[in-house]
Structure formats: C-alpha cells, structure tokens
Amino acid sequence: MTTFMGKASRKYTGGKRRQSRIKKRYELGREPTLTRVGEIRRKVQRGFGSNTKVVLMESNIANVYDPKEKKMIRTKIITVKENPANPHYVQRNIVNKGTIISTEAGNARVTSRPGQDGVINAVLV
C-alpha cells in the first residue's frame, strides 16, 4: 500500500483545499520499514526511475565506531535500550536512527537509517 506524500485535501483549519491538479507518481511513498533485532534479512525494493534500495528488515549485527580507539567494530546487538522516536519500539525491538542499542562492545547510538540504508551503523556512548 502506498502513502500520498503531497499536500492534503484539507487545510489545518478543517476547510477543503481545491485540487489544482491530479496526484503525481513521484508524490507516492511507502509504509515505514520497521527494522527489528533478529537474524539478518534484507529486501531489495524498486524505486522511482528503476533505482533499487536495499531495505534491512532484521539484523543482529551492527558496525560500531569507538571514538577513543578511532576504529570500527562489528558487534552483535543484544537488545534495544531506548528509542526516542517511540517508546513502544523498545518492547518490540525496533531499530531506527537515534535508537540506543545494547551491544557486546557496550551501549551505542544508531547513526544510520536501517530502513533506508540497509545497514546499522552506531557510535559508542
């Protein structure tokens, strides 16, 4: 199911907005990809203009940057600690940008967008 990303047919006041043209294909979006903690599962989606996007459905591996040692470590994700986007995502183990995850190297904040980038990058906190 697609989502319309253009202007709404109603104003914020509740009044109807007159449609000046038909909806265009480039104004269509998708349902958000809620990346979970689990065995690695990716999906390739076709984008506008035959472009492809790798979407991360589930992952238990994260590329964690250690600022003290200045190097990347590939570690296993244990669980989701905190999610500022939605507190209910913590119970469901959903990872998105800004999420605090618990890894084998310690707690880390996710800096990538897993549903868009296809990978989980994080920085130790």
Side-chain angles (χ1 to χ4, degrees):
M1 171 117 183
T2 59
T3 310
F4 180 61
M5 304 297 281
K7 280 191 175 179
S9 61
R10 291 205 174 259
K11 303 177 191 176
Y12 72 94
T13 57
K16 283 198 93 171
R17 183 175 278 130
R18 193 172 92 25
Q19 193 174 15
S20 61
R21 60 173 175 78
I22 61 169
K23 294 177 183 177
K24 302 290 183 179
R25 183 163 174 237
Y26 59 78
E27 293 174 334
L28 294 179
R30 279 195 194 93
E31 292 292 320
T33 306
L34 302 176
T35 305
R36 302 188 60 158
V37 176
E39 283 300 312
I40 296 176
R41 241 179 62 229
R42 288 188 174 96
K43 192 197 295 187
V44 178
Q45 290 183 336
R46 182 190 181 273
F48 200 66
S50 295
N51 292 312
T52 57
K53 179 187 287 188
V54 178
V55 174
L56 193 64
M57 303 302 285
E58 287 185 46
S59 180
N60 56 2
I61 301 290
N63 302 319
V64 178
Y65 177 71
D66 188 359
K68 289 180 182 172
E69 294 184 28
K70 295 188 173 151
K71 65 179 194 178
M72 293 291 274
I73 311 159
R74 189 175 161 92
T75 61
K76 191 174 183 199
I77 299 171
I78 299 166
T79 186
V80 173
K81 286 282 194 182
E82 185 184 333
N83 197 323
N86 191 337
H88 300 297
Y89 284 0
V90 177
Q91 298 162 344
R92 295 165 60 193
N93 269 346
I94 292 176
V95 180
N96 54 11
K97 187 172 179 177
T99 303
I100 306 292
I101 55 175
S102 174
T103 65
E104 291 176 343
N107 289 349
R109 186 189 312 105
V110 178
T111 56
S112 65
R113 298 171 69 193
Q116 301 277 335
D117 304 334
V119 68
I120 297 177
N121 295 328
V123 177
L124 282 179
V125 290

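Considering all non-hydrogen atoms of both residues, R30 and R46 come closest at NH2-O, 2.5 Å. Smallest separation of non-hydrogen atoms from R36 and R92: NH2-O, 3.2 Å. Taking all atoms of both residues into account, the shortest heavy-atom contact from K53 to Q116 is NZ-OE1, 2.9 Å. In terms of heavy-atom proximity, R42 sits nearest to I40 at NH1-CG2, 3.7 Å. Taking each heavy atom of A122 and A108 in turn, the nearest pair found is CB-CB, 3.8 Å. Taking both residues in full, the closest heavy atoms of A85 and N96 are given as CB-ND2, 3.6 Å, listed atom of the first, atom of the second, then distance.
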Checklist entry - After noting the C-alpha distance and the side-chain angles of F48 and L28, does the key distance pass the side chain to side chain contact (heavy atoms under 4.5 Å, CB included) rule? => result CA-CA 10 Å; F48 200 66; L28 294 179; over 6 Å; no
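Residue M72 places its CE atom among more than 12 non-hydrogen atoms of other residues, nucleotides or ligands, all under 6.0 Å distant. Within 6.0 Å of atom CZ in R74, 12 or fewer heavy atoms from other residues, nucleotides or ligands are found, so the atom counts as exposed in its surroundings.
In the hydrophobic clustering of ILVMFWY residues, with side-chain heavy atoms under 4.5 Å counting as a link, V37 and V64 come out apart.
Of the possible polar contacts, one joining the T111 side chain to the N121 backbone as a donor-acceptor pair under 3.5 Å is found. The closest donor-acceptor contact from the side chain of D117 to the backbone of V119 lies at 3.5 Å or more, if one exists at all. Looking at T33, its side chain never comes within 3.5 Å of a backbone N or O of T35 through a donor-acceptor pair. Under the 3.5 Å distance criterion, the side-chain polar atoms of N83 are matched with a main-chain donor or acceptor of I94.
For the atom pair E104 CD and I78 CD1, the distance stands at 5.5 Å (nearest 0.5 Å). Here R41 contributes atom CZ and N60 contributes atom CG; the two are 12.5 Å apart, rounded to the nearest 0.5 Å. From E82, atom CD reaches atom CD1 of I100 across 5.5 Å, with rounding to the nearest 0.5 Å.
Each of V55, V54, T52 was scored for a side-chain contact (heavy atoms from CB on, under 4.5 Å) with Q45, with one residue passing: V55. The residue from I61, I77, N63, T99 that alone fulfils the side-chain contact (heavy atoms from CB on, under 4.5 Å) condition with I120 is I77.
The shortest side-chain heavy-atom distance between Y65 and K71 does not fall under the 4.5 Å cut-off.
Taking the side-chain contact (heavy atoms from CB on, under 4.5 Å) definition, one finds that R21 meets it with K24, Y26, E27, sequence neighbours left out.
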